[in-house]
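Worksheet: one structure, shown below.
All figures in this text were calculated on a predicted structure; none of them were measured in a lab. For the single chain, residues carry numbers from 1 onward in sequence order.
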Amino acid sequence: MNNNLLHVNLNAGGDITRRNLLRLAGGGFASLAGAGFLKSLGVNAEELKRQGRSCIMVFLNGAPSQMETWDPKPGHENGGPTKTIQTAQPGVEFAEYWPKLAKLAGEFSVIRSMKGKEAAHERGRFHLRTGHRLLGPTRFPHFGSLVAHKLGDPESDIPNFVSLGNTVSSGFLGVEVAPFIVDQAGQLPANVKAMQTGPRQQRRMELLSLQDQDLGTSGAKRIAHEHQELYRKASKLMTSSRLNAFTLAGESDKTKQSYGNHAFGKSCLVARRLVESGVPFVEVQRGGWDMHQSLWQNIPKTAGEVDQGVSALWEDLRDRGLLEKTLVVCLGEFGRTPKINQKTPAVGRDHWAKNFNLLIGGSSIRGGVCVGQTSPDGLDITDRPVSVEDLFATLCTAMDMDPYEELITPEGRPLQIVSEGFEVSEILS
């Protein structure tokens, strides 16, 4: 088994691995695979519509260059050797590395005038996943945890927030809506197979309960409660008929090939299966975008995988009638410097938060809209700046969530989901 396959973050007391949790809680469960327990999902678009909205966040770790993605600058020295291609949006060009998404550009929107406040990776990743900067003691939750909190089923036998790759935590919302992290897409999560059965399993669970009772009386009542909640959720997951959503079982070779025979493509396909099975929030990641050096040597392969995976995901969701209720957003933590550096052995671009771009569509988002504009040299936003807070107000609205609702922290402090931003009305239908 892959020892790093599953883990979950607690908002207090550090991290606890879900692998260990499953191993402890699952000591007495029967072998799921051996019992023929797993069945086909048998889900459909109508069921999803009845259940509510979902969101897939495609996160490009490392921060892609806006000028080599969806805001190229042909004819200017800052644009480098990148060529452009016409998209399905009249007058809107993408960099040459995105031919499949260019053909679909009339179905989703582009925001070219994002402005951030963080140009360091950890802080930028937190900002673009939570809508809040990494300041002060309060840890704001990942947007996926907010979705799980507002739209998820607390009694679901499958997590309400699945991340295919490590991510930030649920913050003050706690373990109930923490991300269920899968490091290897397309395979059944490790440790869902029982290691012990019968009385021995029962004794282990009783010992765990006694251990948490001691923990609670020692002043860590909240952590003890979180432990018990995790054991309960793990037990439900191990016996869920929807576990098959984590695999690629039943998918045709044609479908698999359309997504791509690489880890990112498999992650996108699993994301569709998870959303189809009723998971309200899924994060998919593709790293490798921190191209300080050798940008033009590395970007064709990196962009090619994302272009293939995201375009296949989009078409699959559309063809299955899922886009009406599924929000899709593709973004990184910030942008790259418009001016090309002189790094060796080959040049690239450095960190830049003053302007960057993203793709967004599905759910209540209009297609074929390009928001904002940057100067010919790429250094400045010349029209319609959009803040990270504006983006999160838009994400909430597209998910039928009130962006200005107050949440109460465990310390009793009221905090708005979005405190400063306003929806990007141009792209909302």
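Side-chain contact annotation: His351 with Thr337, donor-acceptor N/O pair under 3.5 Å absent. For the 3.5 Å distance criterion, the side chains of Gln211 and Gln213 fail to qualify, holding no donor opposite an acceptor. Defined by atom type and a distance below 3.5 Å, a donor-acceptor pair is missing between the side-chain atoms of Glu423 and Ser425. A donor atom on one side chain and an acceptor atom on the other are not found under 3.5 Å apart for Gln66 and Asp71. In the model, Glu333 has a side-chain atom that pairs as donor or acceptor with a side-chain atom of His121 under 3.5 Å. Between the side chains of Thr167 and Arg129, at least one donor N or O lies within less than 3.5 Å of an accepting N or O. No side-chain donor from either of Glu389 and His132 sits under 3.5 Å from a side-chain acceptor of the other. If you check the side chains of His262 and Gln308, you find a donor sitting under 3.5 Å from an acceptor. In this model, a donor atom of one side chain and an acceptor atom of the other lie less than 3.5 Å apart for Thr255 and Ser252.
Put simply, OG1 on Thr247 and CG on Leu188 are 7.0 Å apart, with the number rounded to the nearest 0.5 Å. Rounding to the nearest 0.5 Å places CZ of Arg242 at 12.0 Å from CD of Glu276. In this structure, CH2 on Trp314 lies 9.0 Å from CG on Leu359, to the nearest 0.5 angstrom. A distance of 6.0 Å separates CD1 in Ile360 from CG in Leu391, rounded to the nearest 0.5 Å. Taking CG of Asn244 as the reference point, atom OG of Ser277 lies at 10.0 Å (rounded to 0.5 Å). Expressed to the nearest 0.5 Å, how far CG of Asp307 lies from CD of Glu305 amounts to 11.0 Å.
In summary, Arg349 and Glu68 engage in a salt bridge, as defined by a charged side-chain N under 4.0 Å from a carboxylate O. Under a 4.0 Å N-O distance rule, the pair Arg272/Glu251 qualifies as a salt bridge. Using a 4.0 Å cut-off between charged nitrogen and carboxylate oxygen, Glu155 and Lys236 count as a salt-bridge pair. Contact check on Arg384 versus Glu426 returns a salt bridge, with a Lys/Arg side-chain nitrogen under 4.0 Å from an Asp/Glu carboxylate oxygen.
No more than 12 heavy atoms of other residues, nucleotides or ligands sit less than 6.0 Å from atom CG of Asn261. Surrounding CD of Glu406 are more than 12 heavy atoms belonging to other residues, nucleotides or ligands, all under 6.0 Å away. In this structure, Lys100 places its NZ atom where only 12 or fewer heavy-atom neighbours from other residues, nucleotides or ligands lie under 6.0 Å away.
A 4.5 Å side-chain heavy-atom check between Trp289 and Ile299 finds at least one atom pair inside the cut-off. Side-chain contact check for Leu331 versus Leu128: some heavy-atom pair is nearer than 4.5 Å. The shortest side-chain heavy-atom distance between Ile381 and Lys115 falls under the 4.5 Å cut-off. Between Phe140 and Phe172 there is a side-chain heavy-atom pair separated by less than 4.5 Å. Between Asp402 and Cys396 there is no side-chain heavy-atom pair separated by less than 4.5 Å. Using a 4.5 Å heavy-atom threshold, the side chains of Gln285 and Leu164 count as separate. Considering only heavy atoms from C-beta on, Tyr404 comes within 4.5 Å of Phe422 through its side chain. The closest side-chain heavy-atom distance from Asp157 to Leu237 is not below 4.5 Å.
A side-chain donor-acceptor contact under 3.5 Å links Asn341 to the backbone of His292.
Scanning all heavy atoms of the two residues, the minimum distance from Val147 to Pro280 falls at CG1-O, 3.8 Å. The shortest non-hydrogen separation linking Pro179 to Ser145 is CD-OG, 4.3 Å. Closest approach of Tyr259 and Asp316 over heavy atoms only: OH-OD2, 2.7 Å. For the pair Gly332 and Phe59, the tightest heavy-atom approach, listed with the atom from each and the gap, is C-CZ, 3.9 Å. Nearest heavy-atom pair across Val270 and Ala245 is CG1-O, 3.8 Å. The two residues Lys266 and Leu248 come nearest to each other via the heavy atoms CG-CD1, 4.2 Å.
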> Going through the distances and angles, do Lys343 and Asp350 end up as a salt bridge (Lys or Arg N to Asp or Glu O under 4.0 Å)?
Replying inline: CA-CA 10 Å; Lys343 298 282 178 64; Asp350 300 318; 3.3 Å; yes
>> With ring pair (Phe, Tyr, Trp, His ring centres under 6.0 Å) as the criterion, how do His142 and Phe126 come out once you've worked through the C-alpha distance, each side chain's angles and the decisive distance to 0.1 Å?
In response: CA-CA 8 Å; His142 192 302; Phe126 186 88; 9.4 Å; no
>> Apply side chain to side chain contact (heavy atoms under 4.5 Å, CB included) to residues Ile158 and Phe246 and explain how you reach the verdict.
In response: CA-CA 10 Å; Ile158 194 168; Phe246 290 95; 4.0 Å; yes
>> What verdict does the side chain to side chain contact (heavy atoms under 4.5 Å, CB included) test give for Thr69 and Asn357, after you've listed the backbone C-alpha separation in whole Å, the side-chain angles of each residue and the deciding distance to 0.1 Å?
In response: CA-CA 8 Å; Thr69 50; Asn357 58 14; 3.3 Å; yes
> Between Met291 and Thr302, is a side chain to side chain contact (heavy atoms under 4.5 Å, CB included) present by the stated rule, with each step listed?
Replying inline: CA-CA 11 Å; Met291 299 181 188; Thr302 309; 3.7 Å; yes
> Stepwise, does the side chain to side chain contact (heavy atoms under 4.5 Å, CB included) test hold for Thr374 with Lys354?
Replying inline: CA-CA 10 Å; Thr374 56; Lys354 284 186 65 176; over 6 Å; no
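Taking Arg366 as the reference, nothing meets the side-chain hydrogen bond (donor to acceptor under 3.5 Å, both in side chains) condition, with sequence neighbours excluded. For Ser363, the side-chain hydrogen bond (donor to acceptor under 3.5 Å, both in side chains) partners are Arg53, not counting sequence neighbours.
Between Phe392 and Phe143, the ring centre distance stays below 6.0 Å.
The only option from Val329, Leu317, Leu327 that meets the side-chain contact (heavy atoms from CB on, under 4.5 Å) definition with Ile56 turns out to be Leu317.
Annotation: cation-pi pair Arg336/Phe356 absent, no NZ/CZ under 6.0 Å from the ring centroid and within 45° of its normal.
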